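Below is one structure, written out as structure tokens, with a few remarks after it.
Please read all numbers here as calculations on a predicted model, not as lab measurements.
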Amino acid sequence: HRHAFFFQADDGIRDRLVTEFRRVLFRSGHVGGWDDPRMPTLIGLRRRGYTPQAIRNFCQRIGVTKFNSTHEMSWLEDSLREDLNKRAERRMAVLRPLKVIIENFPEGEVEQLEAINNPEDSSAGTRSVPFSREIYIERDDFMEDPPKKFYRLGPGREVRLRYAFFITCVDYTTDPQTGEVTELRCTYDPETRGGSAPDGRKVRGTIHWVSAEHAMEAEVRLYDHLFQTPDPLGLLSHPHSAAPLGCDPRPATQEYSLTSYFPILLSPDAHYHPKGFLPLRTPRGAFLGFGKHPPAVMGKVVEAESTCQNS
């Protein structure tokens, strides 16, 4: 569902409805406070990771009228996406880790690989990423019996590790009770350092990874839209009628607007920034950032891919 972001006009009755609705959300435990990253408040947006420039761009984009109006939430998200794409550094993170052992990589050795910080900003430079015999990949990047158009890892398949080497899956281990894959055994081609083969062979899949020896554990909070209807205030009453105080907000809220993953694994170059919000973009299509949280907790700011249809 496409959700609307509200900017209220100078309407005392509607403002009272908005304030009461937010208060009830807080009292009922649906949100953690006025600055909850899911709340449509300025302080909530800032804690979520929305930048001042993104909010200004959004306001310029929609203009100003004398009438109450609503706009697609995707317009606001797209304004943030455009801003972060230009300056957010790229880092690798694995939300659902699956261990991979590179059988022909020497034990105890570590190779330092060069990775681009931001492909849209050449001045951001590069960084060094450690590669070792044991790594972790996303569990969704492997299938035991992959369909035809699945271009990631499977038995006997070769893929590219981002910024690293080509690897081929030669074996895997499953849990005898659940049948879930617990470990992959792979080989790598040392001639493909950097992601290209001297013999010109191509692979269609590129997956991200982190070194098991160097990875940092963290918690990530994935935020979705708080409301499941474009106009949650409509569940209170008409804007110009009496407001039923103490209303139940549950019909308007999404059950899974907040999902936490722990532990996720971050590449060691994903540093916490103590002076403020540090946005990072992950290869799997999301901007993450350390916000008003302890250093070990990250929150999803916005999806990396645009959904705005009215640009």
How long is the straight-line distance from [atom2] of [Y] back to [atom1] of [X], given to the nearest 0.5 Å?
| X | Y | atom1 | atom2 | value |
| --- | --- | --- | --- | --- |
| Ser211 | Glu111 | OG | CD | 11.5 Å |
| Arg162 | Leu113 | CZ | CG | 13.5 Å |
| Ile116 | Glu89 | CD1 | CD | 12.5 Å |
| Arg185 | Asp171 | CZ | CG | 8.0 Å |
| Arg160 | Lys202 | CZ | NZ | 8.0 Å |
| Thr192 | Ile167 | OG1 | CD1 | 10.0 Å |

Can you name the nearest heavy-atom pair linking [X] to [Y], along with the distance?
| X | Y | result |
| --- | --- | --- |
| Cys186 | Leu153 | SG-CD2, 4.2 Å |
| Lys86 | Glu82 | CG-O, 3.4 Å |
| Ser79 | Arg61 | OG-NH1, 3.7 Å |
| Glu138 | Leu95 | OE2-N, 2.7 Å |
| Ser260 | Arg221 | OG-CG, 3.8 Å |
| Pro263 | Glu217 | CB-CD, 3.8 Å |

Does [X] reach the side chain of [Y], with side-chain heavy atoms less than 4.5 Å apart?
| X | Y | answer |
| --- | --- | --- |
| Leu266 | Arg91 | no |
| Ile135 | Leu161 | yes |
| Leu258 | Leu222 | no |
| Phe142 | Val181 | yes |
| Glu134 | Lys99 | yes |
| Ile264 | Glu219 | no |
| Pro97 | Arg139 | no |
| Tyr151 | Val203 | no |

Side-chain donor-acceptor pair under 3.5 Å between [X] and [Y], yes or no?
| X | Y | result |
| --- | --- | --- |
| Thr126 | Glu114 | yes |
| Thr187 | Asn104 | no |
| Glu144 | Tyr172 | yes |

(request) May I ask you to check whether Tyr50 and Phe58 place their ring centers less than 6.0 Å from one another? (result)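 Aromatic pair excluded; centres sit 6.0 Å or further apart.
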
(request) Tell me whether the centres of the aromatic rings in Phe131 and Tyr163 are closer together than 6.0 Å. (result)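 Ring centroids of Phe131 and Tyr163 are no less than 6.0 Å from each other.
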
Same cluster (ILVMFWY, side-chain, under 4.5 Å), [X] and [Y]:
| X | Y | value |
| --- | --- | --- |
| Leu84 | Leu42 | yes |
| Phe166 | Val100 | no |
| Ile102 | Leu98 | yes |

(message) Taking Ile137's backbone N and O only, do any of them form a donor-acceptor pair with Asp141's side chain (distance below 3.5 Å, no angle check)?
(response)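 Pair absent, no side-chain N/O of Asp141 close to backbone of Ile137.
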
(request) Answer yes or no: is there an ion pair linking Asp83 with Arg56, defined by an N-O contact shorter than 4.0 Å? (result)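 Salt bridge absent between Asp83 and Arg56.
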
(message) Taking Glu109 first and then Arg133, would you say they form a salt bridge - that is, a charged N and a carboxylate O separated by under 4.0 Å?
(response)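 Arg133 and Glu109: not salt-bridged.
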
(message) Applying side-chain hydrogen bond (donor to acceptor under 3.5 Å, both in side chains) to Asn118 and Arg87, what does each step give before you reach the verdict?
(response) CA-CA 7 Å; Asn118 188 342; Arg87 56 194 187 89; over 6 Å; no

(message) side-chain contact (heavy atoms from CB on, under 4.5 Å), that's the test. Do Phe165 and Asp189 meet it? Break it down for me.
(response) CA-CA 6 Å; Phe165 305 94; Asp189 183 350; 5.9 Å; no

(request) Tell me, yes or no, whether the heavy-atom count around Asp145 atom CG, taken from other residues, nucleotides or ligands under 6.0 Å, exceeds 12. (result)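 No.
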
(message) Take a 6.0 Å sphere around CD of Gln112 and say whether it holds more than 12 heavy atoms from other residues, nucleotides or ligands.
(response)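 Yes.
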
(message) Against the six-membered ring of Tyr223, is Arg38 placed for a cation-pi contact (under 6.0 Å from the centre, within 45° of the normal)?
(response)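 No cation-pi geometry.
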
(request) Using side chain to side chain contact (heavy atoms under 4.5 Å, CB included) as the criterion, point out the one residue from Thr51, Asn57, Leu45 that pairs with Leu80. (result)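 When side chain to side chain contact (heavy atoms under 4.5 Å, CB included) is applied between Leu80 and each of Thr51, Asn57, Leu45, only Thr51 qualifies.
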
(request) Apply side-chain contact (heavy atoms from CB on, under 4.5 Å) to the pair Ile101 and Glu183, showing each step before the final yes or no. (result) CA-CA 8 Å; Ile101 297 178; Glu183 183 180 280; 3.5 Å; yes

(request) Start with the C-alpha gap between Thr174 and Glu180, add the side-chain angles, then the distance that decides, and say whether side-chain contact (heavy atoms from CB on, under 4.5 Å) holds. (result) CA-CA 5 Å; Thr174 59; Glu180 186 178 59; over 6 Å; no

(message) What verdict does the side-chain contact (heavy atoms from CB on, under 4.5 Å) test give for Arg201 and Glu158, after you've listed the backbone C-alpha separation in whole Å, the side-chain angles of each residue and the deciding distance to 0.1 Å?
(response) CA-CA 11 Å; Arg201 74 181 187 275; Glu158 186 176 52; 3.0 Å; yes

